[in-house]
**Q** 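After the structure tokens below, expect a handful of questions from me.
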Number of protein chains: 2
Amino acid sequence: MRLVIALGGNALLRRGEPLTAANQARNVDLAARSLAPIIKAGHQVVLTHGNGPQVGLLALQGEAYSESAGFPLDVLGAQTEGMIGYLLERALTATCGSEREFATLLTQTEVSSTDPAFLHPTKPIGPTYTEIEARAMATARGWTITRDGRDWRRVVPSPEPVRILEIAIIRRLVDLGVTVICAGGGGIPVMTREDGSLVGVEAVIDKDLASALLAHALGSDGLLLLTDVEGVFDEWGTPDAALIPSSTPAAMAERQLAAGSMGPKVAAACRFVDRQGRFAVIGALGQAQAMLDGTAGTRITLDDDHAFGAIA
Amino acid sequence: MRLVIALGGNALLRRGEPLTAANQARNVDLAARSLAPIIKAGHQVVLTHGNGPQVGLLALQGEAYSESAGFPLDVLGAQTEGMIGYLLERALTATCGSEREFATLLTQTEVSSTDPAFLHPTKPIGPTYTEIEARAMATARGWTITRDGRDWRRVVPSPEPVRILEIAIIRRLVDLGVTVICAGGGGIPVMTREDGSLVGVEAVIDKDLASALLAHALGSDGLLLLTDVEGVFDEWGTPDAALIPSSTPAAMAERQLAAGSMGPKVAAACRFVDRQGRFAVIGALGQAQAMLDGTAGTRITLDDDHAFGAIA
């Protein structure tokens with residue numbers, strides 16, 4: 001099968017952990033071990049990843065160094081594609097041995113200059129703060145801040161991904177049997193100027209929506225969105241919380257799901273299933289193989305009766 | 001022709017210029033315009049680039065942010081591959097239009113753990129300092145510093161590149177007609193542990209030596225090393241300074257060339273010519289096309305009498 005697999009931020013950093021090279025490397029090693037059986041089984045895997053904590057940290061580092069101006073978010077996003085791609089490729093090569101070839105491809109994602117997201121920042125980046133810290137940072141730096149679970153974080157615009165510029169190269173590499181790491185952080189956000197040239201954008205694209213776009217453009221059989229919870233829950237946060245084992249885009253649209261980080265994942269999964277007619281699964285990184293087998297996670301297909309037909 | 005073209009640090013930053021996103025983007029646009037005629041002519045171009053100023057700046061930014069530890073040089077090198085690769089790919093796409101496909105590939109370069117360079121740091125990174133500033137930084141941070149022209153800079157180990165890990169992917173992309181940007185900063189330095197796995201190394205590889213290795217591994221017809229001077233000069237820095245239009249590895253070995261940044265370039269050019277039997281040219285970024293035509297730069301071939309035979 002051709003599969004696009006999106007690694008959530010927890011693949012590189014658990015909540016509350018300091019963002020050090022050692023912590024990232026250890027978590028990436030765990031992620032590589034979860035993915036190795038799928039890659040070794042010969043599936044055509046395209047791997048994407050988030051970059052929220054990383055891009056925020058690099059922005060803070062740039063601001064802390066007083067001798068020069070910091071870089072804009074497109075340039076910082078490119079830096080995180082290099083850093084995270086390197087750690088992933090190194091760990092996957094170590095885990096999968098010489099059985100598979102890996103390539104990490106720099107990826108630009110086009111967005112629309114008229115996207116309403118530029119007026120309403122929603123994407124959390126960087127570390128978490130207390131409310132008092134967050135309000136102080138917002139005043140000092142002109143940030144937009146928002147509550148993220150029990151904590152507060154900086155938020156930046158997250159426009160819709162419209163086109164992945166390197167899609168033809170990614171397709172060729174996949175056709176050659178290469179496991180491709182790409183569209184990190186949703187891809188570097190760029191937009192087209194009136195003269196047709198591209199310019200970087202101060203934004204961070206949602207990596208699940210970019211992964212859905214990528215999966216559709218590649219004609220993928222499935223989309224796996226890996227995070228740090230077991231799937232989508234009804235009544236999340238209550239004693240009646242229950243994992244939804246399978247559903248359809250139509251049924252998901254009618255459910256009252258709690259807001260939070262699961263919203264974009266459900267939207268991305270449903271979008272892929274609606275467009276492509278194949279399956280998407282949302283679940284925990286450590287259960288990636290079981291999600292593919294149909295025994296873990298929340299599986300979304302066009303027709304709930306045939307939720308597991310796509311595997312056969 | 002199949003050509004490996006190495007962009008010196010000046011492709012992104014002129015001496016003394018602050019390392020801002022805007023300065024980098026402007027210089028990269030100029031570099032793209034110099035390279036466009038060669039790429040548009042249909043040559044199979046593989047583009048590499050330095051990262052000395054960038055990797056040093058990212059190290060300083062990381063140290064300036066007190067909330068977390070900075071990243072080691074292999075991780076910072078990966079970040080610069082993302083950042084510079086993005087700027088180059090964006091500028092080349094704008095300049096060459098849709099006539100060519102571009103791919104920026106993350107590249108790891110293996111070095112030997114017993115390389116003597118680890119005991120003798122020689123590679124300048126980061127900004128320039130006065131002698132007083134440099135000595136203060138060396139004391140405060142445990143840096144090794146050295147004189148670089150009229151200024152002082154931090155130096156780090158620069159071990160020999162032994163193997164480019166992604167070479168098979170690079171070759172495939174080149175065979176498909178893709179213009180590949182890779183081996184940025186000489187590649188991310190990694191070494192093999194006793195258990196066979198790879199680990200990152202605190203070093204910065206010389207991008208000209210890595211480019212020579214890459215050119216040999218790809219069976220290139222030529223290697224162009226682009227910098228901010230017109231070529232290699234006899235009696236450099238004296239009134240008798242004279243450009244050497246062509247030479248051989250044997251003749252270059254006998255010349256008394258002034259030390260400095262030209263040393264590694266001459267060594268890299270001679271190594272490629274000795275191994276591959278084809279031509280290398282050292283010269284100014286703005287004269288890339290003329291260097292290929294044989295009318296600019298210092299051309300090194302096995303046999304000086306046939307220095308221009310390789311072009312036909």
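A note on names: the letters A, B, ... follow the listed sequences, proteins ahead of strands, and every chain is numbered from 1.
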**Q** With chain A, which of Gly184(B), Gly62(B), Ala25(B) has the greatest number of heavy-atom pairs at distances under 4.5 Å?
**A** Gly62(B)
**Q** As an exercise: rank Leu76(A), Leu176(A), Leu198(A) by heavy-atom pairs under 4.5 Å with chain B and give me the winner.
**A** Leu176(A)
**Q** Salt bridge check, Arg26(A) against Glu17(A): does any charged N sit closer than 4.0 Å to a carboxylate O?
**A** yes
**Q** May I ask you to say whether Asp148(B) pairs ionically with Lys123(B), meaning some side-chain N is under 4.0 Å from a carboxylate O?
**A** no
**Q** Out of Leu60(A), Leu105(A), Thr93(A), return the one with the most heavy atom pairs under 4.5 angstrom to chain B.
**A** Leu60(A)
**Q** If you take all heavy atoms of Ala183(B) and Glu81(B), which pair is closest and at what distance?
**A** C-OE2, 4.0 Å
**Q** Chain A heavy atoms under 4.5 Å from Ile188(B): which part of the residue, side chain, backbone, both or neither?
**A** side chain
**Q** Please determine if Glu133(A) and Arg153(A) form a salt bridge, counting it only when a charged side-chain N lies under 4.0 Å from a carboxylate O.
**A** no
**Q** Can you confirm whether the side chains of Glu110(A) and Thr192(A) place a donor and an acceptor under 3.5 Å from each other?
**A** yes
**Q** Under 4.5 Å from any heavy atom of chain A, what part of Leu173(B) do you find: side chain, backbone, both or neither?
**A** side chain
**Q** Taking all non-hydrogen atoms of both residues into account, name the closest pair between Gly56(A) and Ile125(A) and its distance.
**A** CA-CD1, 4.0 Å
**Q** What part of Asp195(A) lies closer than 4.5 angstrom to a heavy atom of chain B: side chain, backbone, both or neither?
**A** neither
**Q** Between Lys207(A) and Asn51(A), is there a side-chain heavy-atom distance shorter than 4.5 Å?
**A** no
**Q** Relative to chain B, which segment of Val178(A) carries a heavy atom at a distance below 4.5 Å: side chain, backbone, both, or neither?
**A** side chain
**Q** Under a 4.5 Å cutoff for heavy-atom pairs, which residue among Glu166(A), Gln108(A), Glu63(A) has the most contacts with chain B?
**A** Gln108(A)
**Q** Does any heavy atom of chain B fall under 4.5 Å from the side chain of Ala22(A), the backbone, both, or neither of them?
**A** neither
**Q** Tell me, side chain or backbone of Val190(A) under 4.5 Å from chain B's heavy atoms, or both, or neither?
**A** side chain
**Q** Determine the minimum heavy-atom distance between Leu19(A) and Phe71(B), stating which atoms define it.
**A** CD2-CZ, 3.7 Å
**Q** I need the residue from Leu57(B), Thr95(B), Val199(B) with the largest number of non-hydrogen atom pairs under 4.5 Å to chain A.
**A** Leu57(B)
**Q** Quick one: which of Val75(B), Thr80(B), Ile181(B), Leu87(B) has the most heavy-atom pairs under 4.5 Å with chain A, could you say?
**A** Val75(B)
**Q** Looking only at heavy atoms, which two atoms of Leu12(A) and Gly50(A) are closest? And how far apart?
**A** CD1-O, 4.3 Å
**Q** What option among Ile170(A), Thr107(A), Leu58(A) has the most heavy-atom pairs under 4.5 Å with chain B?
**A** Leu58(A)
**Q** Check Asp175(B) with Arg2(B), please: is the shortest side-chain N to carboxylate O separation under 4.0 Å?
**A** yes
**Q** Counting only non-hydrogen atoms closer than 4.5 Å, does Ile84(A) touch chain B with its backbone (N, CA, C, O), its side chain (CB onward), both, or neither?
**A** neither
**Q** Side chain, backbone, both or neither: which part of Gln24(A) has a non-hydrogen atom closer than 4.5 Å to chain B?
**A** side chain
